[in-house]
Protein chains: 2
Amino acid sequence: MDDSGSSSLDNLQTEEKIFLAARKVFIQKGFEGASTADIAKEAGVNKALLNYYYRSKENLFLKVLHKCVVELWEKSFSILAQPIDLFEKIKLFVNQTTETYLSDYQTLNFILYETSKWDNKMIDMFKDELENKFLPELDLFYKQVEEEIQKGTIKPVDPFSLLLDIISLVLLPITHGQIIIRLNTYQNITDHYTFLRNRTNNIINTILCQLKQDC
Amino acid sequence: MDDSGSSSLDNLQTEEKIFLAARKVFIQKGFEGASTADIAKEAGVNKALLNYYYRSKENLFLKVLHKCVVELWEKSFSILAQPIDLFEKIKLFVNQTTETYLSDYQTLNFILYETSKWDNKMIDMFKDELENKFLPELDLFYKQVEEEIQKGTIKPVDPFSLLLDIISLVLLPITHGQIIIRLNTYQNITDHYTFLRNRTNNIINTILCQLKQDC
DNA sequence: GTCTATAGGCGGATAGAC
DNA sequence: GTCTATCCGCCTATAGAC
């Protein structure tokens, strides 16, 4: 019953060391820019072990990307399906997503760039999550928005367009902060992070302003 | 006075054929993913000619990226510096930028991804444009917003934050449309382009709603 | 499971003929 | 200016010793 023999534990450690190193290198350099030698060096193991555990660079890459996307969903988008007040939910999503990816914009950039090249192989890889988790959870959000509209709590809006507004306002300044910050001559920014953290209030106002009846 | 000898014309043609091919391939595959062989094949010329005209792959790439960024500015961001009414300007920017890059999202994606890796070499390449064109033009926009606030025409907002709102709402759904469209179970979209074109009105409303006094 | 050694291909760049 | 031929390094993947 106990399969945690020392040999098995060692395997897991090496396998995971490779995975974590691959994750780091792929995020920094992208699929094309990363080499298996880079990853092996980062993991402190021999290059051949990558193929032993993961068969090919592409397979390792897909596993890393899959993990990143699932984590992005868990840490951030899952909030949208929780049974809480719509306004509170939007505030929570904006604040939490900003907090999560502000200090780790490269991971977000990696996910968005690599998935923008989606082919059938990648789509298949996410088929399960899309059908059984991502899309059903979003549907809960769409339904909640429709209910609030019917109750007259908020102005009539297109739920998908609302979602797009929220995602856009939160994500783009994070993913492309390196460029965008150079366009800010309006004020001297000592810390871009601090600026974007404070901006969450602006984003929430912008969103809620188009929803609230008395705005 | 006439320096358009046939030999000079031929040179320009080949040089430009390479440039246009490089542009196409870099945009499709990115810097790392593109090979000089790809580019030569696309241009219908010999691989060695790339080095004859452009010295190295990196140099060719930087010239392509530079052209793309300048064109992005000319076609889209320059609007922000024109002497027109603020509300009309925002409408024009949203509609024109959407129209320009909806049918060419890969170019936008290319610019944003490659510049997100900015190092000192890239920054130097844009030093001139940043100092003498991009930033001064943006300053005109910031000033216009401030003037409208002082006149009481619009509610007090942070001009840079307003710019970020506009950019984010317009660009992210275009650059990452391939993924985002998969999250839309709310409505059956026959044509993503049509959807995003119609959405410009939503975006304009969202922006103007936070500006107008009577909203 | 982990290593060394190496296969085999593709990358960018260049020399030299025409 | 344009081509062919080639150098040389780096890449991924694998065979085989331990």
Side-chain angles (χ1 to χ4, degrees), chain A residues 2-65 110 114 117 119 121-122, chain B residues 3-66 110 114 117 119 121-122:
Chain A
D2 182 6
D3 60 350
S4 63
S6 69
S7 139
S8 166
L9 267 179
D10 287 350
N11 295 353
L12 278 180
Q13 280 178 6
T14 301
E15 196 171 346
E16 202 173 355
K17 263 198 292 185
I18 293 171
F19 187 86
L20 293 175
R23 181 188 179 127
K24 184 173 174 186
V25 175
F26 279 134
I27 286 172
Q28 274 178 358
K29 305 192 175 181
F31 175 73
E32 308 281 0
S35 76
T36 51
D38 288 338
I39 296 170
K41 194 180 171 190
E42 175 70 35
V45 302
N46 191 279
K47 230 175 40 165
L49 286 180
L50 270 65
N51 295 86
Y52 177 77
Y53 283 107
Y54 292 97
R55 217 175 58 248
S56 71
K57 178 190 176 185
E58 189 188 13
N59 187 48
L60 176 54
F61 167 77
L62 290 176
K63 281 196 159 55
V64 166
L65 180 61
F110 168 73
E114 297 295 347
K117 302 185 283 188
D119 54 10
K121 192 183 286 179
M122 282 205 197
Chain B
D3 60 350
S4 63
S6 70
S7 141
S8 167
L9 267 181
D10 287 350
N11 294 353
L12 279 180
Q13 279 176 6
T14 301
E15 195 171 348
E16 202 173 355
K17 264 198 291 183
I18 293 171
F19 187 85
L20 292 176
R23 183 188 176 126
K24 185 174 174 186
V25 175
F26 278 135
I27 285 171
Q28 273 178 358
K29 305 190 175 184
F31 175 72
E32 308 281 1
S35 75
T36 52
D38 289 337
I39 295 170
K41 194 181 171 188
E42 175 70 33
V45 302
N46 192 281
K47 226 175 48 165
L49 287 179
L50 270 65
N51 295 88
Y52 177 76
Y53 283 107
Y54 292 98
R55 217 174 57 246
S56 72
K57 177 188 175 185
E58 190 188 13
N59 187 47
L60 176 54
F61 167 78
L62 290 177
K63 282 195 158 57
V64 166
L65 181 61
H66 188 271
F110 168 72
E114 297 295 347
K117 299 185 284 188
D119 53 12
K121 193 182 286 177
M122 284 207 195

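Basis for what follows: all heavy atoms, side chains included, without hydrogens, waters or symmetry-related copies. Proteins come first, then strands; the chains are lettered A, B, ... in the order of their sequence lines, and each starts at number 1.
Between A:T14 and C:dT2 there is a side-chain polar atom (N or O) within less than 4.0 angstrom of OP1 or OP2. When the side-chain nitrogen and oxygen atoms of A:Y54 are compared with OP1 and OP2 of D:dA13, none of them lie within a distance under 4.0 Å.
Taking 4.5 Å as the limit, some side-chain heavy atom of A:M122 sits within range of a side-chain heavy atom of A:L65. Looking at A:L60 and A:F26, their side chains come closer than 4.5 Å, going by heavy atoms from C-beta outward. Annotation: side chain of B:Y53 is not in contact with side chain of B:F19 (no heavy-atom distance under 4.5 Å).
Separating the NZ atom of B:K41 from the P atom of C:dG11 is a distance of 11 Å, rounded to the nearest angstrom. Residue B:Y53 contributes atom OH, which lies 17 Å from atom P of C:dT14 at whole-angstrom precision. Summarising the geometry, the separation between CG on A:L60 and C1' on D:dA13 is reported as 14 Å, rounded to the nearest angstrom. Straight-line distance from the CG atom of A:L49 to the C1' atom of C:dT4: 12 Å, rounded to whole Å. In this structure, A:L50 places its CG atom 14 Å from P of C:dT4, rounding to the nearest Å. Going from atom CG of A:N59 over to atom C1' of D:dT12 covers 14 Å, rounded to whole Å. Spacing between atom CD of A:E58 and atom C1' of D:dC11 amounts to 15 Å, rounded to whole angstrom units.
Taking B:F31 as the reference, B:F61 meet the ring-ring contact (aromatic ring centres under 6.0 Å, His included) condition, with sequence neighbours excluded. With sequence neighbours left out, the salt bridge (charged side-chain N to carboxylate O under 4.0 Å, His left out) criterion links A:K17 to no other residue.
For the residue pair A:N59 / A:S56, no side-chain donor-acceptor distance below 3.5 Å is found, with atom types taken as modelled.
With rounding to the nearest 0.5 Å, the separation of CZ in B:F110 from NZ in B:K29 is 14.0 Å.
Listed by first then second residue, pairs satisfying salt bridge (charged side-chain N to carboxylate O under 4.0 Å, His left out) with a partner in residues 54-64 of chain A read A:E58-A:K121, not counting sequence neighbours.
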Identify each donor-acceptor pair in which a side-chain atom of residues 39-50 of chain A lies under 3.5 Å from a protein atom, sequence neighbours left out, and give them as a table.
{"residue": "A:E42", "atom": "OE2", "partner": "A:K24", "partner atom": "NZ", "Å": "3.1"}
{"residue": "A:N46", "atom": "OD1", "partner": "A:A48", "partner atom": "N", "Å": "2.9"}

N/O to N/O distances under 3.5 Å, protein versus nucleotides 14-18 of chain D:
none

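Within a heavy-atom distance below 4.0 Å of DNA chain C, the residues of residues 20-38 of chain B found are B:A34, B:S35, B:T36, B:A37.
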